[in-house]
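Below is one structure; the comments refer to it alone.
Below, chains carry the letters A, B, ... as their sequence lines are ordered, and counting in each starts from 1. Below, each value reflects all heavy atoms present in this structure, side chains not excepted, and no hydrogens, waters or symmetry copies.
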Amino acid sequence: MISKTEKKSAYRWLMQQSRSTQTWISLTIGCSFASGLLFILQASLLAKIIDKAYIHHFSLHNVFIPLFILLGVIIIRAGFSWLREIVSFQASARIRQTVRDELVAHLTRLGPVNAATLATGAISSSAIEHVEALHGFFADYLPQMALAIMIPLAILAFVFPVNWLGGLILLFTAPLIPLFMALIGMGVESINQQHLQTLSRLGAHFLDLLQGLTTLKLFGRSKEQRNIISDVANEYCNKTMSVLRIAFISSAVLELFSSVAIAILAVILGLSLLGKVDIGYYGQHITLYQALFILLLAPEFFLPLRQLSVHYHARAEAIAAAHELQTIFNLPVAEIQSGLLKTTDDYVISFNEVCFAYSKQENLLNNLNLEIKAGEHIAIVGPSGIGKTTLLNLLAGFIQPSSGCIIIKDQDLATLNLTNWWQHIAWLGQNPRLIHGTLRENILLAKPGASNEEIMHAADKAHVSEFAKQLPQGLDTLIGEQNMGLSGGQAQRVALARIYLANKTILLLDEPTASLDTVTEKFVLQALRELAQNKTVITISHRADTIAIASKVYRLEDGKLDLMSNAVNGGKHD
Amino acid sequence: MTELWPFIKLMRSQSKMLILGFLLGLITLLAGTSLLATSGYLICGAAFAGLTSSSAMAFNYFTPAACIRFFAMVRIAGRYGERVTTHSATFRILADLRSWLYSKIEPLAPAHLLKHNSGDLLNRIISDIDALDNLYIRVLLPFAAALLLTLAVCTLFYFFNIAIAISTLCIMLFAIFIVPLIALLLGRQAGHRIIQTTSALRTDIIDTYHNLTDLLLFSAADKQLKKVHKTQTALIQQQKKMSNIKGFSIALITLLSGFAIWLALYLGIPFVYHNKLNGAVLGMIILTIMAAFEAINPLPIAFQYLGKTAAAAKRLNAIAATKPTVTFVAESSETIKNVDITFRNVNFHYPQQAFNVLENFNLHIAAKEKVMLLGPTGAGKTTLMQLLTRCWDPLSGETLLGDIPIKNLAESDLRKTISIVPQQIHMFNASVRDNLCIGKQDADDSELWNVLQLLDLDNTIRALPKQLDTTMGEFGMCFSGGQIKRFAIARALLHNAPIMIFDEPTEGLDDTTSQQIWQALQTILENKTVIVITHQPEHIGFFDRVIQL
């Protein structure tokens, strides 16, 4: 559940966004209002024609002119309702586009570590579903808020000069408009929230079940779940319905006011026409034209309010979506620094008393010191979760130390422009992700302008060519969702080819062989050894073979590093 | 649209509630229409009678006035009742739908589910089910109600004037059938494209997210942002087309409702002029048409999105129609007496593969033997275990437990015999207790604590305020990967089957913990057949045999 203050802040955010498309929102209101005014004209023409034909006994010939004006009005009104859709789409289109671009850009500014606090599913639904959910707020809800006041007022302005009693009956309900709105607000919002909540809870339960189906099946527990699904759904349904039964009263009240107003108007106007009620008119006695005109307008008087209650769910949905989007946008982004790295060959990287803690947890790294000379190969070992990868992330600038600093020769990493710093760094993780595209496109990512020779060289070196040859389209084979079609080892070799092509000076290797079998591991290590010449390399691994390329091995424990061995061939850790 | 049939049939289980809801909806519409119709009749009649004082005295306004009050009240009560019944019925239909779909998917697991394993696909199944909501509440019931209302209204008109009745009927039927059809046809292509572009956009965005490290380090982030921008611009263009169609159908309905009124006037006035039709009735007719169109107005938009609903239905049907790869016999041919495992001349490859993973494979594992299956990824270690648990069946050859071919065993008997710790572990969004009890339904607390202690998890759980009742959070997120692994082992131990399979049991565990766990397991596993799948030989001393694949 979203708290009240969160809702308010989400609403404020939405209103801020609306400023950029104020023109389109105004145009939407304009189209609908014009359509509303045309309806008043249509009602007047209709009343006049019936009056003439019935009371004054005119022939068809005599009412030809109003009849054809009526036809014109009907056509123009249809045109306006079309136009409204076109215009209101524009009102939301630009906002959605900007928000989505901004969201993805924000992810890149957050960097891989901070962005990892979000689940893939959350990103996916925020960027698609939540951004789409903003549409109704700008295209329907905001314009309707204005129209729910403008159209009833316009109708009153026409009814009063005709018959003040009729006007008064409508006006009597007009002060109730704010009341209506509050009712709509309370009722519809809770209806929608309940409805959506039930759906999403049921959805989540079902999703959990499907994801764990194999587990249930292997323990022989999958068949009984069918009944549990119904039970859970019925339980949710009963709870939800008990709330909805009350919430629906608000929509019944809305119906009540419009029905009662029409009923009262019809009876009073009827009695006036019969002369049994003798007030409401100015000078001349009330005519059929006047009475019918008012009666025809009565449903239209309440229509904008009923539409508002329909669009109110767009508001609730947009606020929930805006809240989700805000949680992403509110993740803090490090300021962009302007310092450029002065030297690229003769440097020493030193960690000085570096501390780091993930939010609200104990220090993972505690006054850690480390010195790495240019061209040195070091390895860091230690149990999982001890902070090894954190160390690499700090060096890459994806996260910042909570105290202490990282110095490159004489420049503090915190003052460096990261885009500039990243030009020197390459990273090989244990489960490389590839982008949706061909093998070639994936390798090219590292150096967009690379020539075919360069690509082939990198592919050869990383042993990509070997398996690419067996693929139907070689390097131009498409890789599906989640590296589909490639084994973990093959994906790792593609990632390696990228690093070969990029040819950076500092290599960060995070368990580069953890998911590989011994044969593939041999390939990858051999390639890494070649690549590592004249480069600074920091390797994290459990495996003896992998850390063997390091000249120094450190053990990370209690947030500090201990030098374990200083031999060319490294040492085993146990 | 035939893909919607199975889902329309699902309505049967809630037929009473739905019919009630439908009737209440229809009554609401009829009352609303009658309210305006009677009002129109009252005013026109009163105006005519009011022309002379004698006729004014004679005019019976009591009956119409009473009717008006009655209709107003019916409309209010009807609307309330309709909303309560249809919502409740829809919730229950969606519940039926879920359990129906579950019963279809359950036999497919895990062979076919592997294909659908990506979270996105499962997510899509969920949103597909929710999309069917549209079918019942916005399409079927309103459509039927609008049609019946039209027939009722035109039948009424028929008693006053045939020409008006026919013209109105034609226009209203056109509005009910043809306009939604046009919206549906026009919207189908655009809708299809929107679905495709949306999924392309999703891929682009998730790609960006998963590859952030590389995109940033290779200075390729800007290029990727441009790609996202381009894809979403295409999406907006397609949506614009869709909203244009929506505008067109709304305009068409507005035009038709206006034209129906206009035509009624055009046809009616000469009859009134020749005193063949009461002018008050003409007034009533006009107001009736206006009110009746309120039921038709929302139809085209609902139908425009029916394409989306139909696409959702099609995907669900495709899943439901999938034939399970493996079917089990209802009862075992004989009881399992010994648990020797034999693979005899087994050939197997997955459907998308061209070459056999296992070729004329033979293996015998004696009961209580401890075996390590070693080999590089893709050598068929996990496949072998999938054949043993009948996630798949071999293409030729057979697998036996003792001397019974496992395909002669009922599913429950096979499951009782084998416990497995899979490579990919799923923890349910439920309590620690519930998650463990999947292994053994009636396990008591002391049993749970025992096994937790064995895996060095007891202190962790005792430290939690709700202990065994702690919810494991989505995907077991409250616990570390190593802890989840240990929970999975605990679950498998509780299952207490004579054969235990561990698929990469120590991956993700640090050396000390892994050592500890092996120590603890040794005594427990003594009387069981143990098969460990790994690509890293560890704790070799524990095993009787190492099989290289």
> If you count heavy-atom pairs under 4.5 Å between each of B/L42, B/L414, B/L282, B/L225 and chain A, which one has the most?
Replying inline: B/L225
> What heavy-atom pair brings A/L274 and B/G50 nearest, and what distance separates the two atoms?
Replying inline: CD2-N, 4.3 Å
>> Side chains of A/R96 and B/Q239: any donor to acceptor distance under 3.5 Å?
In response: yes
> Relative to chain A, which of B/G258, B/S39, B/A72, B/S99 shows the most heavy atom pairs under 4.5 Å?
Replying inline: B/S99
> Which atoms of B/T208 come close to chain A, meaning under 4.5 Å heavy atom to heavy atom: side chain ones, backbone ones, both, or neither?
Replying inline: side chain
> If you tally heavy-atom pairs under 4.5 Å against chain A, which of B/P270, B/G78, B/A221 wins?
Replying inline: B/P270
>> Please classify the contact of B/F248 with chain A as side chain, backbone, both or neither, using a heavy-atom distance under 4.5 Å.
In response: both
> Counting heavy atoms not belonging to B/Y266, are there more than 12 under 6.0 Å from its OH?
Replying inline: no
> So, A/D101 versus B/H229: side-chain donor-acceptor pair below 3.5 Å or not?
Replying inline: yes
>> So A/L273 and B/I43, do their side chains get closer than 4.5 Å, heavy atoms only?
In response: yes
>> With a 6.0 Å cut-off (strictly less than), is the heavy-atom count around CZ of A/R109, excluding the residue itself, greater than 12?
In response: yes
> Sub-3.5 Å donor-acceptor pair from the side chain of A/H57 to the main-chain atoms of B/Y273, do we have one?
Replying inline: yes
> What part of B/L287 is in contact with chain A, defined as an atom under 4.5 angstrom from a non-hydrogen atom: side chain, backbone, both or neither?
Replying inline: side chain
> If you round to the nearest 0.5 Å, how far is CG of A/L288 from SG of B/C44?
Replying inline: 5.0 Å
>> To check you understand the geometry: which heavy-atom pair defines the closest contact between B/W262 and A/L70, and what is its length?
In response: CD1-CD2, 3.7 Å
>> So for A/V63, is it side chain, backbone, both, or neither that comes closer than 4.5 Å to the heavy atoms of chain B?
In response: side chain
> Relative to chain A, which segment of B/I286 carries a heavy atom at a distance below 4.5 Å: side chain, backbone, both, or neither?
Replying inline: side chain
> Taking every heavy-atom pair that is under 4.5 Å apart, which of B/G268, B/A220, B/S243 has the most such pairs with chain A?
Replying inline: B/S243
>> With chain B as the partner, which of A/A266, A/A93, A/S259 has the greatest number of non-hydrogen pairs under 4.5 Å?
In response: A/S259
> Which bit of A/L71 is near chain B, if near means a heavy-atom gap under 4.5 Å: side chain, backbone, both or neither?
Replying inline: both
>> For chain B, which candidate among A/L67, A/L110, A/I50 shows the most heavy-atom pairs at distances under 4.5 Å?
In response: A/L67
>> Does any backbone or side-chain atom of B/R75 lie under 4.5 Å from a heavy atom of chain A? Answer side chain, backbone, both or neither.
In response: both
> Ignoring hydrogens and geometry, is there a side-chain-to-backbone donor-acceptor pair from B/Y209 to A/A115 under 3.5 Å?
Replying inline: yes
> Which bit of B/A65 is near chain A, if near means a heavy-atom gap under 4.5 Å: side chain, backbone, both or neither?
Replying inline: both
> Can you say whether B/A488 sits under 4.5 Å from chain A via the side chain, the backbone, both, or neither, judging by heavy atoms?
Replying inline: neither
> NZ/B/K246 to OG/A/S88 distance, rounded to the nearest 0.5 angstrom?
Replying inline: 6.5 Å
>> On a heavy-atom basis, which atom in B/L216 and which in A/P112 lie closest, and how many Å separate them?
In response: CD1-CD, 3.7 Å
> For the atom pair OH (A/Y54) and CG (B/N278), what is the distance rounded to the nearest 0.5 Å?
Replying inline: 4.0 Å
>> Applying side chain to side chain contact (heavy atoms under 4.5 Å, CB included) to A/F80 and B/T254, what does each step give before you reach the verdict?
In response: CA-CA 10 Å; A/F80 268 114; B/T254 315; over 6 Å; no
> Which residue out of B/H274, B/Q224, B/Q232, B/E411 racks up the most heavy-atom pairs below 4.5 Å with chain A?
Replying inline: B/Q232
> Given a strict heavy-atom distance threshold of 4.5 Å, which part of B/S412 is in contact with chain A: side chain, backbone, both, or neither?
Replying inline: neither
> What part of B/F71 lies closer than 4.5 angstrom to a heavy atom of chain A: side chain, backbone, both or neither?
Replying inline: neither
>> If I take atom CD1 from residue A/I55 and atom CZ from residue B/F48, how far apart are they, to the nearest 0.5 angstrom?
In response: 6.5 Å
>> Given heavy-atom pairs under 4.5 angstrom as the criterion, report whether the side chain, backbone, both or neither of B/I418 touches chain A.
In response: backbone
> Is chain B contacted by the side chain of A/L271, its backbone, both, or neither, given a heavy-atom distance below 4.5 Å?
Replying inline: side chain
> For the atom pair NZ (A/K504) and CZ (B/F218), what is the distance rounded to the nearest 0.5 Å?
Replying inline: 6.0 Å
> Do you know which of A/N227, A/V267, A/L83 has the most heavy-atom pairs with chain B at a distance under 4.5 angstrom?
Replying inline: A/V267
>> For chain B, which candidate among A/A263, A/A502, A/A446, A/S81 shows the most heavy-atom pairs at distances under 4.5 Å?
In response: A/A446
> Based on non-hydrogen pairs under 4.5 Å, which of B/D204, B/T389, B/L35 is most in contact with chain A?
Replying inline: B/L35
> Is it the case that A/E85 and B/N244 place a side-chain donor and acceptor less than 3.5 Å from each other?
Replying inline: no
> In Å and rounded to the nearest 0.5 Å, what is the CZ to CG distance from A/R100 to B/L201?
Replying inline: 5.0 Å
> Can you name the closest pair of heavy atoms from B/V272 and A/A53 and give their distance?
Replying inline: CG1-O, 3.7 Å
>> Can you give me the closest heavy-atom contact between B/G40 and A/L295, atom names plus distance?
In response: N-CD2, 3.7 Å
> Which heavy atom of B/I269 sits nearest a heavy atom of A/F58, and at what distance?
Replying inline: CG2-O, 4.1 Å
>> Taking A/I435's backbone N and O only, do any of them form a donor-acceptor pair with B/D207's side chain (distance below 3.5 Å, no angle check)?
In response: no
> Just checking, any donor-acceptor pair under 3.5 angstrom between side chains of B/T233 and A/Q97?
Replying inline: yes
>> Can you tell me which portion of B/I253 sits under 4.5 Å from chain A's heavy atoms? Options are side chain, backbone, both or neither.
In response: neither
>> Evaluate A/V104 against B/I205 for side chain to side chain contact (heavy atoms under 4.5 Å, CB included), listing each step before the verdict.
In response: CA-CA 7 Å; A/V104 184; B/I205 289 168; 4.0 Å; yes
> Are side-chain heavy atoms of B/T213 and A/F398 found at a separation under 4.5 Å?
Replying inline: yes
> What part of B/M290 gets closer than 4.5 Å to chain A, counting heavy atoms only: side chain, backbone, both or neither?
Replying inline: side chain
